[in-house]
Structure formats: C-alpha cells, structure tokens
Amino acid sequence: MRLVFLGAPGVGKGTQAQRLAKQEKIPQVSTGEILRESVKRGTPLGLRAKGYMDSGKLVPDEVVIGLVREKLTSPACVRGYILDGFPRTVAQAEALDRMFKETGTPGLDHVISFEVPHEEIVRRLSGRRSCSTCQTVYHIEHDPPKREGVCDKCGGALVQRVDDKPETVLARLKVFDHQTRPLVEYYQKQGLLRRVDATVSIDQVYKQLLAVVHATRVA
Ligand code: AMP
C-alpha cells in the first residue's frame with residue numbers, strides 16, 4: 001500500500017497516518033518529523049532547515065526530495081509506506097514520479113486529500129501539543145492526555161511546536177494555498193485523488209480512510 005496524505009497543516013494527517021501505519025505495519029514517512037528530528041540533533045540537514053521551518057516556509061525542494069528518495073528506496077518501504085507531508089510542491093510530485101520510473105518501483109495507490117476549512121485549522125493548531133520524546137500528538141480540548149502536559153504513552157513532556165504560533169500558522173496556510181493546493185489537481189488528473197472530510201471526529205475520519213483503502217483491495 002503506497003499512499004500520500006495531502007492536506008493543510010493541522011488537518012490531522014499525522015494522527016491518521018500514525019494509526020494506519022500501525023494497523024497496516026508499514027512505515028509513516030513524515031518529512032516534517034524527519035526534519036524536526038534533524039534540527040533537534042543539530043545535523044547539517046537540521047541546520048539548513050531550521051530557519052525555513054521556524055518561519056513557516058517550505059524547506060528547498062532538493063533537500064526534501066533527496067531525503068524522501070533515500071527513505072523510499074530503503075528495505076523498510078518495500079511493502080509500502082505512507083508519505084505524510086510530502087510532496088508539497090508540484091516540483092516534488094514530479095520528482096517522485098521520476099523516481100518511480102528511474103528505480104522501477106511501483107507508483108502510488110492513492111492520494112488522500114484531508115479537507116478542513118482554514119478557520120477550523122487555526123483553532124485546532126493553537127491547541128495542538130506533541131510529546132517531546134515519542135512525538136505522539138494531542139489536542140488540549142479534543143484529544144487531551146490523561147495528565148495535563150504529560151504523554152500517556154511514554155510520560156514525556158508535551159510541548160507546543162514553534163511553528164504552531166498563530167502568526168506562523170497563517171504563514172503556513174498561505175504557503176499551502178500557493179504551493180501545495182495545486183497538487184489536488186495534479187493527482188486528480190492522474191486518477192489517484194480521494195477526498196476525505198476531515199472536519200469530523202478522529203474515528204470518523206479513520207473510517208473514511210479505511211473505506212478508501214479497502215476499496216483498493218476489493219478492486
Ligand atoms: P509538517 O510537520 O508536515 O507540518 O512540516 C513542518 C515544516 O517542515 C514545514 O512547515 C516545512 O518547513 C518543513 N517541511 C516538511 N515537509 C516538507 C516538504 N515536503 N517540503 C518542504 N518543506 C517541508
């Protein structure tokens with residue numbers, strides 16, 4: 001199962017990807033997560049990416065394309081993967097298509113577009129917290145941890161992402177509209193796009209997602 005999860009920041013792609021990846025036993029390849037980890041460790045990649053990320057801009061295409069190519073051609077991804085947060089520009093999508101051709105690896109099965117109005121996104125992101133140790137994501141109102149500020153799974157401290165501050169969220173939504181939204185049409189033309197209403201509960205979104213995934217198996 002080779003999937004791309006597409007959607008503005010805060011639509012819940014990461015949460016859904018985490019759940020489906022676990023159920024299907026395939027890796028969740030989140031470029032945002034890989035980049036944040038590199039920033040935390042102070043690697044050359046992290047040092048290059050940090051300024052872009054903190055201001056809500058996209059990291060240059062060649063940096064993320066190289067990173068994804070390395071992941072997808074690794075043995076861990078042979079059975080499939082969920083690309084969460086990549087591609088984010090038409091140039092990235094084209095590079096992905098070229099990679100499939102060059103390496104002879106099978107292409108995507110589905111591109112899932114998670115759809116939520118911007119006003120709702122701003123509300124969601126201001127309440128988002130993630131574990132500084134295991135990266136599990138919570139929401140202070142909709143999906144709170146049992147103990148405030150503490151991760152249910154590992155006991156790590158919950159923190160707000162630097163780029164979830166209101167002014168940076170608006171910048172990220174603008175970037176989404178200009179650079180990522182055109183991918184909806186790109187994948188629609190390829191017949192790969194599936195739309196999911198992501199304004200409903202986490203469980204209801206997951207049900208829609210499973211329906212899409214199961215539709216492939218039957219077909
Ligand atoms: P995310 O966790 O997916 O919201 O990503 C956080 C930040 O990482 C983004 O705002 C970008 O600065 C950077 N990033 C993640 N994925 C990509 C990508 N595919 N292309 C460029 N920048 C990315």
Side-chain angles (χ1 to χ4, degrees), residues 2-18 20-21 27-72 77 81-99 108 111-114 116 118 120-122 124-132 134-139 158-184 186-187 198:
R2 289 165 298 273
L3 307 173
V4 162
F5 281 14
L6 191 65
V11 293
K13 324 185 274 297
T15 304
Q16 298 293 332
Q18 213 170 40
L20 188 64
Q28 169 189 4
V29 179
S30 160
T31 41
E33 209 47 72
I34 297 168
L35 291 168
R36 271 188 294 283
E37 191 54 39
S38 307
V39 170
K40 211 161 129 187
R41 294 207 317 266
T43 65
L45 170 66
L47 293 176
R48 188 156 176 215
K50 187 176 185 325
Y52 296 101
M53 295 175 75
D54 286 352
S55 58
K57 294 195 185 115
L58 292 184
V59 172
D61 283 338
E62 72 273 13
V63 176
V64 267
I65 289 168
L67 199 152
V68 167
R69 180 184 261 269
E70 195 182 307
K71 282 270 166 194
L72 296 197
C77 288
Y81 48 79
I82 301 174
L83 274 173
D84 163 20
F86 181 96
R88 254 182 159 97
T89 63
V90 171
Q92 291 179 14
E94 288 170 348
L96 187 62
D97 284 342
R98 271 199 306 277
M99 190 203 85
L108 301 168
V111 174
I112 321 281
S113 170
F114 293 82
V116 176
H118 281 4
E120 165 72 9
I121 288 176
V122 175
R124 283 189 188 184
L125 288 184
S126 59
R128 177 160 77 173
R129 300 290 181 272
S130 52
C131 174
S132 52
C134 75
Q135 274 72 51
T136 298
V137 178
Y138 297 87
H139 190 281
L158 301 188
V159 292
Q160 181 172 38
R161 277 170 47 173
V162 182
D163 59 354
D164 277 350
K165 290 191 187 125
E167 61 278 18
T168 320
V169 167
L170 293 179
R172 289 163 70 204
L173 288 176
K174 226 183 228 172
V175 165
F176 175 79
D177 283 338
H178 287 121
Q179 297 183 259
T180 310
R181 202 183 282 287
L183 290 180
V184 169
Y186 181 93
Y187 284 120

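As the structure lists them, so they are numbered: ligands from 1, and atoms in each ligand from 1. This structure is a prediction, so every number in the text was calculated from the model and none was measured. Reckoned from all heavy atoms, side chains included, excluding hydrogens, waters and symmetry mates.
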Inset, instruction - Mind listing the closest non-hydrogen atom pair of Asp164 and Gln160 along with its distance? - result: O-NE2, 3.7 Å
Legend entry - Heavy-atom closest pair, residues Arg161 and Ser130: CG-OG, 4.2 Å
Inset, instruction - Counting heavy atoms only, name the option from Gln92, Lys57, Arg88 that's nearest to atom 20 (N) of ligand 1. - result: Gln92
Legend entry - N-O pairing of Arg48 and Glu62 below 4.0 Å: yes
Inset, instruction - Of the side chain and backbone of Leu35, name the one, both, or neither that has a heavy atom under 4.0 Å from an atom of ligand 1. - result: side chain
Legend entry - Option set Pro87, Gly85, Gly56, criterion heavy-atom distance to atom 19 (N) of ligand 1, minimum: Gly85
Inset, instruction - Can you see which heavy atom on Gln92 is nearest to which on Arg88, and at what distance? - result: OE1-N, 2.8 Å
Legend entry - Atom indices of ligand 1, in the order listed, that fall short of 4.0 Å to a heavy atom of Arg172: 4 (O)
Legend entry - Nearest non-hydrogen protein atom, atom 8 (O) of ligand 1: Met53 CE, 3.5 Å
Legend entry - Contact atoms of ligand 1, heavy-atom distance to Thr31 under 4.0 Å: 15 (C), 16 (N), 17 (C), 19 (N)
Inset, instruction - Could you walk me through whether Ile34 and Phe86 pass the side chain to side chain contact (heavy atoms under 4.5 Å, CB included) test, one step at a time? - result: CA-CA 11 Å; Ile34 297 168; Phe86 181 96; over 6 Å; no
Legend entry - Proximity to ligand 1 by part of Arg161, non-hydrogen separation under 4.0 Å: side chain
Inset, instruction - Using a strict cut-off of less than 4.0 Å between a Lys/Arg side-chain nitrogen and an Asp/Glu carboxylate oxygen, indicate whether Asp54 and Lys165 qualify as a salt bridge. - result: no
Inset, instruction - Report yes if some N/O of Arg36 lies less than 3.5 Å from some N/O of ligand 1; otherwise report no. - result: yes
Legend entry - Mode of Val59 contact toward ligand 1 - side chain, backbone, both, neither (heavy atoms, under 4.0 Å): both
Inset, instruction - Heavy atoms only: give me the nearest Pro87-Leu183 pair and the separation to one decimal. - result: O-CD1, 3.3 Å
